[in-house]
Amino acid sequence: MKLSIVGAGPGAADLITVRGLRLIKEADVILYADSLVNEEIFQEAKPEAEVLKTAGMHLEEMVEIMINRLKAGKKVVRLHTGDPAVYGAIMEQMALLKEAGVEIDIVPGVSSVFAAAARAEAELTIPDLTQTVILTRAEGRTPVPERERLAELAKHHCTIAFFLSATLTKKVMKELMESGWSPDTPIAVVYKATWPDEKIVRTTVANLDEDMRKNGIRKQAMILAGWALDPNIHQKDFRSKLYDKEFTHGYRRGVKA
Ligand SMILES: C[S@@+](CC[C@H](N)C(=O)[O-])C[C@H]1O[C@@H](n2cnc3c(N)ncnc32)[C@H](O)[C@@H]1O
């Protein structure tokens with residue numbers, strides 16, 4: 001018995017991987033996570049495929065369905081938004097499935113963090129500015145370990161991508177400033193990246209909460225923060241070593257200027 005866990009991508013139906021789409025086409029049963037999965041993808045499924053929403057199910061209920069269908073010899077796909085490895089809650093499903101002797105095959109997807117960066121036309125790692133991206137969330141009802149407090153993480157002054165934090169922007173602002181981020185540090189908020197109703201809001205640490213409110217964004221948003229999101233970054237002279245004409249590497253000998 002083998003179950004495929006597939007990343008559906010951030011929204012646009014054609015941002016699923018070729019492999020993920022093949023599995024959807026072959027599936028007898030598809031269980032999908034929430035409103036962030038684009039239902040257009042199911043047009044590619046077999047007409048007789050059983051397509052089930054899991055938002056109203058608890059863990060045991062949904063795992064039981066998967067196991068029953070697998071035991072009946074069906075091909076089962078569990079579809080997750082973005083990439084299943086980030087905030088996908090797949091580990092708890094896998095624990096129960098493995099206990100029942102089910103093998104797992106995970107197919108990655110385009111995470112919303114990268115879809116949002118693409119839509120904001122951003123590179124998250126800019127040479128000489130930052131070479132690190134932190135993927136995190138602000139603490140709300142789900143606790144974040146004490147040692148990962150935002151005010152601590154932000155001391156690195158790298159790029160930070162906030163998932164699941166659209167209603168926690170006051171907290172985000174406070175903690176970023178507490179760790180020394182200047183109020184004018186750029187932020188790009190991408191609401192529903194790659195969906196037809198996508199919205200991109202460019203703001204700063206100081207104005208984040210107000211601008212999110214003005215634009216009515218309370219969910220489904222990726223908040224990308226740090227100087228890599230500077231809207232004027234193109235005019236600044238950051239260059240990578242990779243394409244520097246004086247830099248020698250495995251594929252090219254540098255020339256002295
Ligand atoms: C439960 S997490 C799932 C993340 C997903 N596994 C991924 O890789 O994108 C849901 C959060 O992801 C972000 N998200 C997912 N899809 C998004 C999209 N299309 N645009 C912006 N943010 C998105 C939002 O922060 C949302 O609150």
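Counting starts at 1 for both ligands and their atoms, in listed order. Here, residue 1 is the first one in the sequence, and each next residue gets the next number. Note that the coordinates shown come from a computational prediction; the quantities given were computed from them, not determined experimentally.
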Does the side chain of Asp28 reach to within under 4.5 Å of the side chain of Glu50, using non-hydrogen atoms?
->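 Heavy-atom side-chain distance check fails, nothing below 4.5 Å.
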Can [X] and [Y] be counted as an ion pair, charged N to O under 4.0 angstrom?
X      : Y      : result
Asp209 : Lys170 : yes
Lys46  : Glu26  : no
Glu198 : Arg119 : yes

Look at the rings of His157 and Trp181 and say which category their plane angle falls in: under 30° parallel, 30 to 60° tilted, over 60° perpendicular.
->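 If you compare the ring of His157 with that of Trp181, the planes turn out parallel.
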Point-to-point distance, once rounded to the nearest 0.5 Å, from NZ of Lys2 to CG of Leu70 |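 If we round to the nearest 0.5 Å, Lys2:NZ and Leu70:CG are 11.5 Å apart.
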Taking any residue with a non-hydrogen atom under 4.0 angstrom from an atom of ligand 1, which ones do you get?
->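 The answer is Pro10, Leu36, Thr81, Gly82, Asp83, Val86, Tyr87, Ser111, Ser112, Phe163, Leu164, Val190, Lys192, Ala193, Trp195, Gln220, Ala221, Met222, counting any residue whose heavy atom sits under 4.0 Å from ligand 1.
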